[in-house]
Amino acid sequence: MTDTIHVATRKGLFELKRTGGGWDVADMHFLGDPISAVATIGGMTLAAPDLGHFGPKLWRRDEAGSWAEMAMPTFPEKPENAEDDPHPWTLGRIWNFTPGGAEGRIYAGTMPGGLFRSDDLGETWSLVEPLWRHPDRKKWFGVAGGEMPGISSVLVDPRDADHITVGVSTGGVWSTRDGGETWAVINKGMVNEYMPPDQQGDPIPQDIHQLSQCPAQPDVVWCQHHSAIFRSTDGGENWVMVDAAQPTGFGFAVQAHPTDPETAWFVPAEKDERRVPKDGKLVVSRTRDGGKSFDVLSNGLPQKHAYDLVYRHALAVDATGERLVFGSTSGGVWISEDAGDSWSALDARLPPVAAVAFS
Amino acid sequence: MPTVHFTSQLERFLPAPSVDVGVGPETLGAALAAVFDGHPTLRGYILDDQGALRRHVAVFVAGVQVTDREKLTDPVGPDDEIHVFQALSGG
């Protein structure tokens with residue numbers, strides 16, 4: 001099990017350690033600066049300060065504990081003939097990091113929708129240009145909190161490094177099987193409630209809040225979509241709506257179990273106008289039968305006047321499937337060591353949480 | 001000779017000393033480029049990927065806020081002081 005958790009917040013990066021019986025804040029970094037994404041790779045930590053005035057940045061902490069600024073992912077020069085492109089060719093925010101595919105390789109999903117790849121542990125980055133230059137990319141559109149679309153999720157097939165799947169909020173599910181040279185929108189079966197009736201089943205205007213893949217059975221992919229939960233058993237080609245979700249099907253975060261393809265966790269909220277826990281009760285929902293039924297888990301979570309919302313990257317599960325952590329927009333952090341059956345609150349009032357990661 | 005001064009807020013992240021850019025630069029873009037030659041990491045804090053001023057960065061040349069935030073063509077006189085500030089925003 002991993003005894004370190006990183007919590008990226010609106011005002012800094014907090015490092016939690018498990019000491020003796022519980023978890024505590026052991027260290028903090030970049031206090032005062034928004035951190036939009038965090039990950040660990042090869043004993044190093046990558047963090048993305050999203051500076052309000054000076055733009056998105058990327059720092060790495062080496063194994064000895066020293067932080068250094070890395071080269072930022074940057075977009076190429078915008079062509080003269082790109083007047084019809086609705087999206088800026090400028091990095092807006094690093095939204096997530098996903099290691100995988102090769103030693104030292106890591107992907108960054110960003111706003112306004114660029115997928116970047118590093119093969120040197122985050123030191124240098126290159127835009128996956130065929131996806132960015134795909135003509136249908138111009139049909140992607142912005143998400144709440146940003147005028148720009150964002151790549152909310154990146155899945156690297158553990159069986160095949162050339163098979164990469166990304167979820168776009170809002171732009172559907174895209175996949176490449178040749179390492180990024182050619183891309184296609186693949187999601188069939190997703191429907192939304194926010195487009196005109198004859199476009200609700202179109203693949204591109206699907207708001208993919210988050211995708212999560214079962215590492216042991218990568219063909220099983222879960223999606224927390226803006227309008228519902230969906231599940232695929234063929235790597236994201238076809239999707240079935242999971243309509244048994246309790247107490248609601250709305251939310252942002254999903255985590256697949258590392259080995260059990262039938263199990264996944266969600267943090268539901270009352271949609272769509274309110275986006276707070278239903279009845280002020282903060283719960284995690286868990287299915288262990290592929291979405292046919294859900295456990296509503298509340299042991300240790302606040303059940304009175306709790307208005308915590310949990311963002312896409314603010315729920316994590318470790319490699320055992322026993323330890324989970326999530327952080328909320330109200331700065332609460334809860335940790336479970338029994339697959340969600342019970343939760344302990346971190347004794348801290350953190351700034352609003354954007355992302356969490358085990359290391 | 002024009003001199004470029006940076007908000008001290010930047011010192012939280014990286015060295016941002018005042019730089020005398022010498023004879024030659026006649027536009028804001030040229031003056032900043034001369035600074036970034038010696039401080040390449042600073043560029044990404046002031047300019048975006050397309051070379052435009054970041055939205056929440058304000059630049060004054062001889063006390064006047066610049067108007068061309070994309071191509072950086074505002075003229076710079078031989079003895080102008082250039083100040084790079086952070087615009088007021090956020091919370």
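Fair warning: this is a prediction, and the values are worked out from it, not measured in the lab. Just so we're on the same page: letters track the sequence lines, and every chain starts at 1.
A distance-only check finds no donor-acceptor pair linking the side chain of A:E77 to the backbone of B:D49 [under 3.5 Å]. In terms of modelled atom types and a separation under 3.5 Å, the side chain of A:K57 and the main chain of B:G44 share a donor-acceptor contact.
From A:L51, atom CG reaches atom CG of B:L10 across 9.0 Å, with rounding to the nearest 0.5 Å. To the nearest 0.5 angstrom, B:F13 atom CZ is 10.0 Å from A:H53 atom NE2. Rounded to the nearest 0.5 angstrom, A:T90 OG1 and B:R55 CZ are separated by 12.5 Å.
Surrounding CE of A:M44 are more than 12 heavy atoms belonging to other residues, nucleotides or ligands, all under 6.0 Å away. Residue-environment remark: CD (B:E26) stays at or below the threshold of 12 foreign heavy atoms within 6.0 Å. Counted within 6.0 Å of CZ on B:R12, heavy atoms from surrounding residues, nucleotides or ligands total more than 12; the atom is thus considered enclosed. Few gaps surround NZ on A:K78; more than 12 heavy atoms of other groups in view lie less than 6.0 Å from it. Remark: A:K138 NZ is packed, more than 12 non-hydrogen atoms of other residues, nucleotides or ligands lying under 6.0 Å away. No more than 12 heavy atoms of other residues, nucleotides or ligands sit less than 6.0 Å from atom CD of B:E70. Around atom CZ of A:F75, more than 12 heavy atoms belonging to other residues, nucleotides or ligands sit under 6.0 Å away.
A pairwise comparison of heavy atoms in B:Q50 and A:P76 identifies NE2-O, 2.8 Å as the closest pair. The two atoms that bring A:P56 and B:R54 nearest to each other are CD-NH1, 3.9 Å, heavy atoms only.
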>> What verdict does the side-chain contact (heavy atoms from CB on, under 4.5 Å) test give for B:L14 and A:F54, after you've listed the backbone C-alpha separation in whole Å, the side-chain angles of each residue and the deciding distance to 0.1 Å?
In response: CA-CA 12 Å; B:L14 75 175; A:F54 306 117; over 6 Å; no
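With a threshold of 4.5 angstrom between heavy atoms, A:P73 approaches chain B through N, CA, C or O but not through any side-chain atom. Of the two parts of A:P88, neither the backbone nor the side chain holds a non-hydrogen atom closer than 4.5 Å to a non-hydrogen atom of chain B.
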